[in-house]
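See below for the structure under consideration.
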Amino acid sequence: MKNLMVFDHPMIQHKMSLMRDKDTPSKVFRELVHEVSMLMAFEVMRDLPLESYELETPLGPATGYRIQGKKLALVPILRAGLGMVEGMWQVVPMARVGHIGLYRDPETLQPVEYYIKLPPDVEERDVIVLDPMLATGGSAAAAISFLKERNIAHIKFVCLIAAPEGIEVLNKEHPDVPIFCAALDERLNDHAYIVPGLGDAGDRLFGTK
Ligand code: PRP
Ligand code: URA
């Protein structure tokens, strides 16, 4: 599959398995989403440009490196994307955070938009879209289309679990957007839930079921 990076690190796979377990309580589920998002952030940010500068260690001069002033925005898709924000933000605290509110209509499975708030200079920023689940790909594709209408040139999509169907849709509609996921699952079921997946990510994060 094109444009796809699946994280096979043992720490991530360990935490993903705890997250999938139906007996994992909401508090622990939230902590796991936070931890995996933070671990993923290191690889997602791998292409951040560095600049060199001169510094003094106790033993003398050395060349140091720092992240150049790259402007970033994290954009969670509400609700479930919220669970991934803090973990990523800990790694890139200089990022701004925008929000896109979408829910998937249970009948039509089409994404319905209900809230948008982005940083005013968002078109100058590289944007990282966050949503734990990439199922049919409808929500992610709609959110990315909206961002592109705002002239955002560099967009990445980060999720925890992806279905092959969702990856195909994103690759087709947004071939320029790299996808990062912690697990690539088998398929969707008849209700477009990811199998084996982890169930409804929003409900498990916020205890609404
Ligand atoms: C879930 C999930 C994604 C979407 C994925 O959100 O967080 O946004 O479904 O499905 P798709 O790839 O088929 O579009 P949901 O609509 O359940 O809303 P919620 O986050 O408010 O629970
Ligand atoms: N949304 C979820 O929260 N889980 C799925 O498996 C599919 C869509």
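Whatever order the structure lists ligands and atoms in, that order sets their numbers, starting from 1.
Hydrophobic clustering (ILVMFWY, side-chain heavy atoms < 4.5 Å, transitive): Y193 and M16 are in distinct clusters.
Heavy atoms of G137 come nearer than 4.0 angstrom to ligand 1 in at least one pair.
Under the 4.5 Å side-chain criterion, counting only non-hydrogen atoms from C-beta, N3 is not in contact with I167. Counting heavy atoms from C-beta on, the side chains of L50 and I67 come closer than 4.5 Å.
Below 3.5 Å of separation, one finds no N or O of Y103 facing any N or O of ligand 1. The distance criterion of under 3.5 Å between nitrogen or oxygen atoms is not met by L102 with respect to ligand 1. Considering backbone and side-chain atoms together, T136 places an N or O closer than 3.5 Å to an N or O of ligand 1. Considering backbone and side-chain atoms alike, S139 places an N or O below 3.5 Å from some N or O of ligand 1. At least one N/O-N/O distance between A135 and ligand 1 falls below 3.5 Å.
L188 and A163 make their closest contact through CD2-CB, 3.6 Å (heavy atoms, listed as atom of the first residue, atom of the second, distance).
Residue, atom and distance of the protein heavy atom nearest to atom 6 (O) of ligand 2 are I194 N, 2.8 Å. Counting only heavy atoms of the protein, atom 16 (O) of ligand 1 lies nearest to R104 N, 2.8 Å. With hydrogens left out, the protein atom closest to atom 22 (O) of ligand 1 is R79 NH2, 2.9 Å, a heavy atom. Scanning all protein heavy atoms for the shortest distance to atom 5 (C) of ligand 2 gives Y193 CD2, 3.4 Å. For atom 7 (O) of ligand 1, the nearest non-hydrogen atom of the protein is D131 OD1, 2.8 Å. Of all protein heavy atoms, the one lying nearest to atom 5 (C) of ligand 1 is M133 O, 3.5 Å. Annotation: atom 17 (O) of ligand 1 to nearest protein heavy atom, D200 OD2, 4.1 Å. Scanning all protein heavy atoms for the shortest distance to atom 8 (C) of ligand 2 gives R104 NH2, 3.7 Å.
Looking at T208 and R79, their side chains do bring a donor and an acceptor atom within 3.5 Å of each other. Of the N and O atoms on the side chains of Q90 and H34, at least one donor lies less than 3.5 Å from an acceptor on the other residue.
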message: Please evaluate residues K156 and D47 with respect to the criterion side chain to side chain contact (heavy atoms under 4.5 Å, CB included), reporting the C-alpha separation (whole Å), side-chain torsions for both, the decisive distance (0.1 Å), and the verdict.
response: CA-CA 12 Å; K156 295 174 182 171; D47 60 353; 2.8 Å; yes
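A salt bridge between D121 and R125 is present, with a side-chain N of the basic residue lying under 4.0 Å from a carboxylate O of the acidic one. Between K172 and E168, no side-chain nitrogen of the basic residue sits less than 4.0 Å from a carboxylate oxygen of the acidic one, so the salt-bridge criterion is not met. A salt bridge links R66 to E51: at least one charged side-chain nitrogen sits closer than 4.0 Å to a carboxylate oxygen.
For K71, the NZ atom is densely surrounded, since the number of other residues' heavy atoms within 6.0 Å is greater than 12.
The distance from ligand 2 to the heavy atoms of A135 drops below 4.0 Å at these ligand atoms: 7 (C), 8 (C). When each atom of ligand 1 is checked for a heavy atom of A80 under 4.0 Å away, the hits are 7 (O), 20 (O). Remark: ligand 2 atoms within the under-4.0 Å shell around heavy atoms of A201 are 2 (C), 3 (O). For ligand 2, the atoms sitting less than 4.0 Å from at least one non-hydrogen atom of A192 are 7 (C), numbered in the order shown with element in parentheses. Atoms of ligand 2 found under 4.0 Å from any heavy atom of G199, numbered from 1 in the order shown, are 2 (C), 3 (O), 4 (N), 5 (C), 6 (O).
Looking only at distances, no side-chain donor or acceptor of H174 sits under 3.5 Å from a matching main-chain atom of D176.
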